[in-house]
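Data first, discussion second: the structure below is written as structure tokens.
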Amino acid sequence: MAHIIIRDIVKTFDSVRVIDNINIEIERGELFFLLGPSGCGKTTLLRTIAGFYRPDQGQIRINEKDVTDVPPHKRNTGMVFQSYALWPHLTVRENLAFGLELHKIPAAERRRRVDDVLEMIQLSKLADRSPNQLSGGQQQRVALGRALVLEPEVVLLDEPLSNLDAKLRLEMREQIKALHDRLGLTMIYVTHDQSEALSMADRIAIMQNGRIQQSGTPRDIYNFPANPFIAEFIGETNLIPGSVKRIAAEISVSTEIGELQSSLPYDGIKPADPVFCSIRPERLTVIGKNESYVNRIEGQVTRIIYLGSHEQYFLTLADKSQLKVIEYSLQSAKTESGKKAQIGCHAQDVVLLRREAP
Ligand code: ATP
């Protein structure tokens with residue numbers, strides 16, 4: 001298990017700062033995610049941690065030791081590549097043993113470790129097959145096994161599930177998480193798939209343009225996104241622009257569709273500040289008779305999509321903007337397309353996010 005400190009890391013390609021001053025501390029045994037859109041620098045950061053790239057500035061420490069100038073094979077990290085990178089002419093067993101031979105591990109020890117890992121990844125019975133005789137999920141497990149067999153202090157995974165179909169991806173999520181929990185490994189996992197990160201991570205760092213925008217537990221980031229980019233990137237949200245009107249026990253915001261109240265605590269917010277009211281679709285509800293909500297929004301229902309477990313309502317509001325509402329477990333639809341409807345939410349469901357003044 002390893003404690004990792006990434007301090008002031010900068011990496012430039014062709015004079016572009018692909019990694020722009022990143023600081024992260026990863027605890028021993030954490031399953032830590034780097035999440036962000038394509039091109040934000042996740043893979044570059046992971047490769048820098050692995051030692052494939054030398055940063056232009058900054059320092060990487062693994063277990064208090066500065067490894068910034070240590071080559072990859074001496075860092076005690078194991079990497080799982082998106083492409084698996086298995087040797088096609090070697091069997092599963094030989095693929096697993098390959099790295100151990102390079103590290104000059106004696107034959108008896110090699111056999112023991114390979115057998116242990118085969119069991120861990122549940123491929124003992126297929127040990128003598130070659131990779132092209134395996135399914136995508138099985139190949140993925142070999143790629144993971146090949147990293148684990150080196151008994152690394154840190155396992156680095158680069159989009160490890162992106163070549164698998166949707167069902168297998170879900171299964172492999174469970175398996176990787178179970179292995180992580182059982183072995184107590186420190187893992188850094190790169191993905192652009194927010195549901196993968198939300199469902200597996202101890203903590204997530206959200207990256208954009210080479211910077212960390214926010215890091216925290218999945219629940220914290222979903223409930224308290226730090227800015228509009230994160231609110232839209234993690235889950236879905238309605239962003240309603242407005243400006244702060246009054247600050248009392250609750251904060252009132254003037255918007256084109258009326259006043260909205262937020263009861264969440266904010267530092268340094270002042271009257272007249274431009275903000276977005278970010279409201280998750282599942283926190284909104286179509287108001288029935290005799291129901292009262294502090295926040296009420298009127299709109300015209302344009303579309304209803306029934307999805308069994310839940311139902312989506314799309315509305316056009318007075319300022320022509322769109323609102324999305326999700327209702328769960330409804331026996332029957334709450335309203336009809338073409339009708340006017342009142343939508344409500346509580347003050348604690350309105351998250352205020354700073355907005356650049358227009
Ligand atoms: P994806 O999810 O698409 O893999 P990413 O977030 O992992 O994206 P990176 O692969 O780290 O992003 O790339 C970040 C930026 O750096 C991109 O603009 C990419 O074109 C550029 N880049 C990456 N590697 C190199 C390289 N070896 N030489 C020059 N530019 C590079």
Side-chain angles (χ1 to χ4, degrees), residues 4-24 26 30-60 62 67-73 75 77-86 136 139-140 143-144 147 154-166 168-170 172-173 176 186-201 203-216 218 221 225-235:
I4 302 162
I5 296 174
I6 296 160
R7 187 172 295 150
D8 303 326
I9 292 289
V10 173
K11 178 70 192 166
T12 313
F13 287 126
D14 306 329
S15 74
V16 177
R17 275 188 172 222
V18 171
I19 300 296
D20 191 4
N21 206 11
I22 282 193
N23 285 282
I24 308 174
I26 297 165
E30 242 188 326
L31 177 48
F32 191 91
F33 271 67
L34 295 171
L35 173 69
S38 184
C40 70
K42 313 177 289 289
T43 298
T44 304
L45 181 59
L46 197 73
R47 286 172 166 264
T48 308
I49 298 167
F52 298 121
Y53 295 143
R54 195 192 180 288
D56 303 336
Q57 286 174 41
Q59 196 186 53
I60 295 179
I62 299 181
V67 296
T68 318
D69 289 312
V70 174
H73 62 283
R75 283 197 185 191
T77 54
M79 181 110 172
V80 181
F81 295 93
Q82 186 173 345
S83 60
Y84 312 149
L86 302 179
Q139 289 180 41
Q140 180 53 56
L144 184 61
V154 189
V155 179
L156 306 169
L157 303 109
D158 188 4
E159 304 260 7
L161 307 184
S162 57
N163 289 339
L164 304 179
D165 67 40
L168 206 52
R169 265 206 304 270
L170 289 181
M172 285 300 294
R173 277 185 202 175
I176 293 177
T186 308
M187 284 184 167
I188 307 180
Y189 189 126
V190 160
T191 185
H192 62 267
D193 180 337
Q194 47 126 349
S195 66
E196 213 162 282
L198 284 177
S199 63
M200 295 174 71
R203 273 190 313 146
I204 305 173
I206 313 269
M207 285 183 71
Q208 187 192 26
N209 298 332
R211 289 171 174 251
I212 304 285
Q213 295 280 335
Q214 185 175 9
S215 58
I221 291 180
N227 59 43
F229 162 75
I230 296 170
E232 289 192 300
F233 187 71
I234 298 280

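Since the model is a prediction, treat every value here as computed from it, not as a measurement. Just so you know, ligand 1 is whichever comes first in the structure, and atom 1 is the first atom listed for that ligand.
Atom CZ of Arg173 sits about 8.5 Å away from atom OG1 of Thr191, to the nearest 0.5 Å.
At a 4.0 Å heavy-atom cut-off, the residues surrounding ligand 1 are Phe13, Val18, Pro37, Ser38, Gly39, Cys40, Gly41, Lys42, Thr43, Thr44, Tyr53, Glu159, listed by chain and number.
Listed for the Arg75 side chain is a donor-acceptor partner under 3.5 Å among the backbone atoms of Thr68. Of the possible polar contacts, none joining the Asp14 side chain to the Val16 backbone as a donor-acceptor pair under 3.5 Å is found. Side chain of Gln194 to backbone of Gly235: a donor-acceptor contact under 3.5 angstrom is found. In this structure a side-chain-to-backbone donor-acceptor pair under 3.5 Å is present from Asp56 to Thr12.
Arg203 forms no cation-pi arrangement with Phe32, by the criterion of a distance under 6.0 Å to the ring centre and an angle within 45° of the ring axis.
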